[in-house]
Every structure is written in structure tokens, then in C-alpha cells.
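Below is one structure, written out as C-alpha cells; the observations come after it.
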Amino acid sequence: MLSNVPVSFASLQFRKTAEEDLEFVLTTEQHPANAPFIIPWTPEQHRETMRSSDKLHLLVETLDGRPVGYLILAGLTSPNRCIELVRITIADQGRGYGKASIRFVQNYAFKHLRAHRLWLDAKEHNARAKQLYESSGFKAEGMLRECIRTNGGYESLIVMSMLEREYEEHGAG
């Protein structure tokens, strides 16, 4: 399990999110570039996740310690060895941080947590995320039609996953 000591991967480092990081997390979540694609959480929801033994709330930083995003994994104690990427939110977009973070998640889930399956959902209209997940080897499984109520009606989620053998075939690293 990761600690508060950063773990380097590619050009980034990952560490457990701390209380003092919450302002960055909430600001990143509410940023206009991110808000349409996620379901915002309260500070207490983030704190509960940070304390959970089944979840991992990680800050994504550059190697010099500048925060650029965060991610949340769930299912760490799943007897089915299924890990969910609950959220990945990048504040500093267009620099490859999302792709590097996905590679880190895949590596961590399959090599360290010994997952059989890594899965996520993405809003149907989030073309950028879908392209990133597909290029990272995730496969679409189906759609949860109109499952999120929004101000303008309902939104659908696409469920995507990757199996351990697909990770190995895709070029684990």
C-alpha cells in the first residue's frame, strides 16, 4: 500500500492525499474543464475515502512536488480482485499527466494489488477520457443509460475495463 512517501512513476510521483491537499482536490474538481465530467464530492466524502482501508486517494505531483491532479481507487480488499478507478482528475491538462497516471494505475493495480480486473466508468460525452482509456487498452463493456440526473436531464455512463491478461498483452510497464 502506498504511504505519504511519494512513489515515482514516469515523470510523476504519487502519494496518499493528505488533509492539506483537500483544497487543491476540491478546486481541481470544480474547475470548468473538469466539472462537466465528474460527480463532485463534498470534503467529507473525500475525507472518508482517505480513511478507508478499501480505497486509495492519491495526489498526482510532478517530481518537484507540484500537484497536477488526483485519483481514487476502490476495491482494494475485493475478494474478486476487481479494482475500480473511481476518479482521475488532472488540473494541468495537455501535458501527458493523465496518460502517465493511467499507466501508474494499471501498473499498481495489476502488479502490486494483483488485480484480475481494473474497471472504470466515464460519462458518455467525455470523448477525451474515452480516447485515453481506449488507447491505454481498456475495452468498453456497456452503457448505464441515463443513470445520472443533472440539471439538464440525465447522463449515461460507459463502463470500461481491462483484465490482467489484457494488461500483459497491451504492454505492461
Side-chain angles (χ1 to χ4, degrees), residues 1-123 126 128-130 132-133 136 138 148 157 159-162 167 172-173:
M1 191 80 69
L2 286 177
S3 66
N4 282 337
V5 176
V7 172
S8 295
F9 187 89
S11 61
L12 298 173
Q13 58 187 17
F14 301 82
R15 66 169 170 82
K16 282 187 173 183
T17 306
E19 179 69 29
E20 57 269 17
D21 302 317
L22 270 183
E23 184 177 331
F24 169 80
V25 166
L26 295 169
T27 300
T28 300
E29 203 168 74
Q30 296 163 4
H31 189 278
N34 295 323
F37 305 114
I38 61 175
I39 301 166
W41 281 7
T42 65
E44 190 50 39
Q45 286 173 298
H46 283 286
R47 286 185 188 100
E48 286 174 16
T49 298
M50 290 161 55
R51 292 187 297 260
S52 172
S53 61
D54 189 54
K55 296 178 180 138
L56 191 57
H57 200 300
L58 297 176
L59 200 69
V60 181
E61 299 174 318
T62 57
L63 294 177
D64 62 0
R66 183 175 58 88
V68 295
Y70 73 96
L71 60 92
I72 301 169
L73 298 176
L76 304 183
T77 61
S78 167
N80 298 313
R81 297 175 39 216
C82 293
I83 303 295
E84 177 186 5
L85 175 56
V86 175
R87 181 167 302 165
I88 179 169
T89 308
I90 302 297
D92 194 356
Q93 297 180 356
R95 300 181 186 273
Y97 298 145
K99 188 165 191 67
S101 295
I102 291 295
R103 283 187 16 245
F104 167 80
V105 166
Q106 291 169 315
N107 181 284
Y108 190 72
F110 291 116
K111 291 188 175 182
H112 297 282
L113 298 176
R114 301 181 51 93
H116 171 68
R117 179 174 179 266
L118 176 63
W119 71 280
L120 57 87
D121 58 51
K123 287 190 176 182
N126 192 348
R128 186 176 186 160
K130 288 189 304 186
L132 170 62
Y133 302 141
S136 299
F138 285 84
I148 300 172
L157 292 174
V159 177
M160 302 180 82
S161 73
M162 172 178 262
Y167 170 72

So which atom in A109 and which in L118 form the shortest heavy-atom distance, rounded to 0.1 Å? CB-CD1, 4.1 Å
Find out whether N80 and R117 are in side-chain contact, i.e. whether some heavy atom of one side chain is under 4.5 Å from a heavy atom of the other. no
Counting C-beta onward and ignoring hydrogens, is there a side-chain heavy-atom pair between F110 and I83 closer than 4.5 Å? no
Locate the shortest heavy-atom distance separating S161 from W119; write the atom from each residue and the value. CB-CB, 3.8 Å
Taking all non-hydrogen atoms of both residues, which atom of Q106 and which atom of F138 are closest, and how far apart? NE2-CE1, 3.5 Å
Interatomic distance, I90 atom CD1 to I102 atom CD1 [nearest 0.5 angstrom]: 8.0 Å
Can you see which heavy atom on I88 is nearest to which on G98, and at what distance? CD1-O, 4.0 Å
Using 30° and 60° as the class boundaries, would you call the ring planes of F104 and F14 parallel, tilted or perpendicular? parallel
From F24 CZ over to E29 CD, what is the distance, rounded to the nearest 0.5 angstrom? 11.0 Å
Value rounded to 0.5 Å, distance of CG in L58 from CD in Q13: 12.0 Å
Check E84 with K55, please: is the shortest side-chain N to carboxylate O separation under 4.0 Å? no
Judged by atom type as modelled, is there a donor-acceptor pair below 3.5 Å linking the side chain of S52 to the main-chain atoms of E48? no
Got a sec, which residues hit salt bridge (Lys or Arg N to Asp or Glu O under 4.0 Å) with E23, two or more places apart in sequence or on another chain? none
Ignoring hydrogens and angles, tell me if any N or O in the side chain of T17 forms a donor-acceptor pair with the backbone of L59 under 3.5 Å. yes
What's the separation between atom CG in D121 and atom CD1 in I39, rounded to the nearest 0.5 Å? 7.5 Å
Quick one, D21 with R15, criterion side-chain contact (heavy atoms from CB on, under 4.5 Å). Give me CA distance, side-chain angles, the key distance, then yes/no. CA-CA 11 Å; D21 302 317; R15 66 169 170 82; 2.7 Å; yes
Hey, what's the ring geometry for H57 with Y70, parallel, tilted or perpendicular (30° and 60° as the breaks)? parallel
A74 to V86 - nearest heavy-atom pair and separation: CB-CG2, 3.6 Å
First locate atom CG of L26, then atom CH2 of W41, and finally report the distance between them rounded to the nearest 0.5 Å. 11.5 Å
When rounded to the nearest 0.5 angstrom, what distance separates CD1 in I72 from CD in Q45? 9.5 Å
Under the side-chain contact (heavy atoms from CB on, under 4.5 Å) criterion, do L157 and K123 qualify, and how do the steps go? CA-CA 5 Å; L157 292 174; K123 287 190 176 182; 3.8 Å; yes
Verify, without hydrogens or angle tests, whether D92 (side chain) and V68 (backbone) share a donor-acceptor contact under 3.5 angstrom. no
Counting only heavy atoms not in R114, do more than 12 fall under 6.0 Å of its CZ? no
Identify the two heavy atoms, one from A18 and one from M50, that lie closest to each other, and give their separation to 0.1 Å. C-CE, 3.5 Å
